[in-house]
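Quick caveat, the model's predicted, so the values are computed rather than measured. Numbered from 1 within each chain, the chains take letters A, B, ... in sequence-line order.
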Amino acid sequence: MNAEQILGGLNPEQRQACEITEGPLLVLAGAGSGKTRVLVHRVAYLVGTCGIPPEHILAVTFTNKAAGEMRERVEKLLGPEAGGILVSTFHSTCVRILRRDVPHLGLSRSFAIYDESDSLGTVKEALRRLDLGPKQFEPRRFRWRIDQWKNAGVLPARAVDTAVDLDAKRSAAVYATYQKLLEEQNALDFGDLILQTTELFHRFPEVLAWYRRRWQYVLVDEYQDTNRVQYRLVKQLTDEHRNLCVVGDPNQSIYGWRGADVRNILEFANDHPDAKVVKLERNYRSTRPILDAASAVVSHNPGPRAELWTEREGGDPVRLYEAVDDRDEAQFVVRQIATAARDEGRAYGDFAVFYRTNAQSRSFEEALLELDVPYAVVGGVRFYERAEVKDALAYLRALLNPADGMALRRILNNPPRGIGKATLERAEIVAQEEGTTLLRALRRLGDDPAGGRSAAKLREFLALFDALAEEVAELSPPEAIARVLDRTGYLEHLQRQATPESEARVENLRELLTGAGDFDAANAGQGPDERSSLELFLDQVALVSDLDAYEGRADRVSLMTAHTAKGLEYPVVFLVGLEEGLLPHAASTRDAGGIEEERRLCYVGMTRAMERLFLTCASERRRYGSRTFSVPSRFLSEIPRELLQGGLASTRSLRDEGMEPALDYSLDQSDADDALRPGLRVRHPIFGTGTVMERIGAGASQKLRIRFDRVGVKTVLVRFANLESAS
DNA sequence: CGGTAATTCGTTTTT
DNA sequence: CGAATTACCG
């Protein structure tokens, strides 16, 4: 194929990004500048024009969805030849490597992949072994810390060595114990998938050499989101041939909390002195007002500002709606959608609502249901995380990897079979004392002739387990699931309950069965892999997220977090909950870096909009069941007035939007300021309960004088006080 | 041991 | 407000 066939439709910069095939290349791709397009065409160019064998190319993304999309588009350009190119996520790529070479590290190829809850369970077990009560030592905090260590590429030994204070020492000890437990269970957590791969490459250069020969051209998408270990992994793979192309946008770095380090992209040029840099600054997605407003927000961050331009002129101004409360906010959004759908003939799929936290989806769901507007919540409670689905999968995991203690624990007495927590505790002690797996400990207890009733129950379970282990090995994923659900009595137990919930669960299991069937069918032509279809299925469910399964549908409004929205675009976007404490989120306002990341998140959300962008905030919202007050986000005041329609602190209501208020609206109609009137009883997180005496100022600087029951009169800034209604 | 009732607890974002 | 742990009784 000649170059023109592949690069024909690209602009000069995009074209350049494809044509610089050798050596390190950094592509700075602003929002909506055709980043995916470049990746796709670059890969096609490498294979189609330069004649690089497809097997020599590795393209790494963060989500399976991005990988799938890219694969599809490359295939469209190249045809079947594209099949040899590996387009995969960091995690899937590493699983692939480890499934092949992990024995070097002393683990078995059948290792389990622990998700967050398995991992948390293992932390709890580690805490038990270290005699640290979960009351004062929160498992979640340790898990988080361990995760950060893993993201930074720190192994337990180094964590122990570098720990100075007692707290760090304790965390490092938990980390070490945790890692030992994982090893005993023949399991790796998410962080390990990358970390252990770099460890493998580090300790076994001959293994690394093999992969270096294999992947001579490496591309990394969303490079601004890479963490230290991922950086290290990429470096290991490309240090020799140096054919590395990274694509990203520092302004869209929103995963710092997960260990991502923007410096990876900011310092790429320093890191590779001979690197070429291409900037994509032409935006093809959004109208001018949207672009200007988004740029205005993010330009409040230090560093070079986002330079994006568009040829598109005109376009609606960005609209701001200040709602009374979360309900009002949701009703406003849904009414806008319903009206636009009716009057402009827009499909529901043209609309998306982005929020900061998953919990916010609720009020929108309620409002959408009320008006019969079809919608899809993306993310949130994931399918594979539902209890019944996890149970079914836990059976398969335990059967395939008998060392998998977390899976075994889950299924041991599920359905109830007379093996209670006393037995489990005894088994755990045996396992710990003899340094063996939970399953072996259970066998030991079962073999005890003096074990009485519980030993008999154990023998019964173990017999079933062993029989199933043999059967399941030969079965396809859907067959295996069906067999397990049937033989264990799990399904029967569920059906016997005959409650609405249990029926929903049965339905979910059916869905799982269907999903497993689809997977099997899609994988049927793969030829005799070393690994069974069932094993591949379990890998897939461990690494797949809800977003990956999400197909943008033309007939549904999409609801998701701003994080999930990255990489997507919609004609009409609502970015909601723009309040201090929410966006920026209170947990991120500790340091400047946190605020800057929130600002970028806001930018990401705004730049998803193609034609029309709405920003909303509410002065009052329900949180934890009780009412909390808030003031508009600082990000709103960072947008120049002239770009906004509907100013702050205005008392615009639905009526101003040319719509009738909802029937039951009158109750909520009270102005936000009225809610904080003198006499109101409030609760302050530190000062406790008190009575509002006086209101001082308005907007972001609004203060209240409050007489607190315990500490007397104080003046607090509403914006930071996180007041709740105490009545 | 198993199920239910009571209580406590917490929310950021996720591969 | 809901999930998730704990308390308690049959």
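Using a 4.0 Å cutoff on non-hydrogen atoms, the parts of residues 411-421 of chain A near DNA chain B are Asn413(A), Pro416(A), Arg417(A), Gly418(A), Ile419(A), Gly420(A), Lys421(A), ordered by number.
The side chain of Asn358(A) contributes an N or O atom lying less than 4.0 Å from OP1 or OP2 of dT14(B). Within the 4.0 Å cut-off from OP1 or OP2 of dC1(B), at least one side-chain nitrogen or oxygen of Thr423(A) is found.
Within 4.0 Å of Arg140(A), counting heavy atoms only, lie sugar-phosphate atoms of the nucleic acid but no base atom. Within 4.0 Å (heavy atoms only), Ala562(A) reaches no atom of the nucleic acid at all. Contact annotation for Arg622(A): no contact, since no heavy-atom pair falls under 4.0 Å across all strands.
Residue Ile194(A) contributes atom CD1, which lies 8 Å from atom C1' of dT15(B) at whole-angstrom precision. Going from atom NE2 of His563(A) over to atom P of dT15(B) covers 11 Å, rounded to whole Å. Rounded to whole Å, atom P of dT15(B) lies 19 Å from atom CG of Leu233(A). The CD-P distance, from Glu597(A) to dT14(B), rounds to 12 Å in whole Å. Between Arg128(A) atom CZ and dT5(C) atom P the separation is 11 Å, expressed in whole Å.
A cation-pi arrangement is present between Arg145(A) and Trp149(A), with the terminal nitrogen or guanidinium carbon under 6.0 Å from the aromatic centre and inside a 45° cone about the axis.
Remark: ring of Tyr624(A) not stacked against base of dC1(C); the cut-offs of centroid gap under 5.5 Å and plane tilt under 30° are not jointly satisfied.
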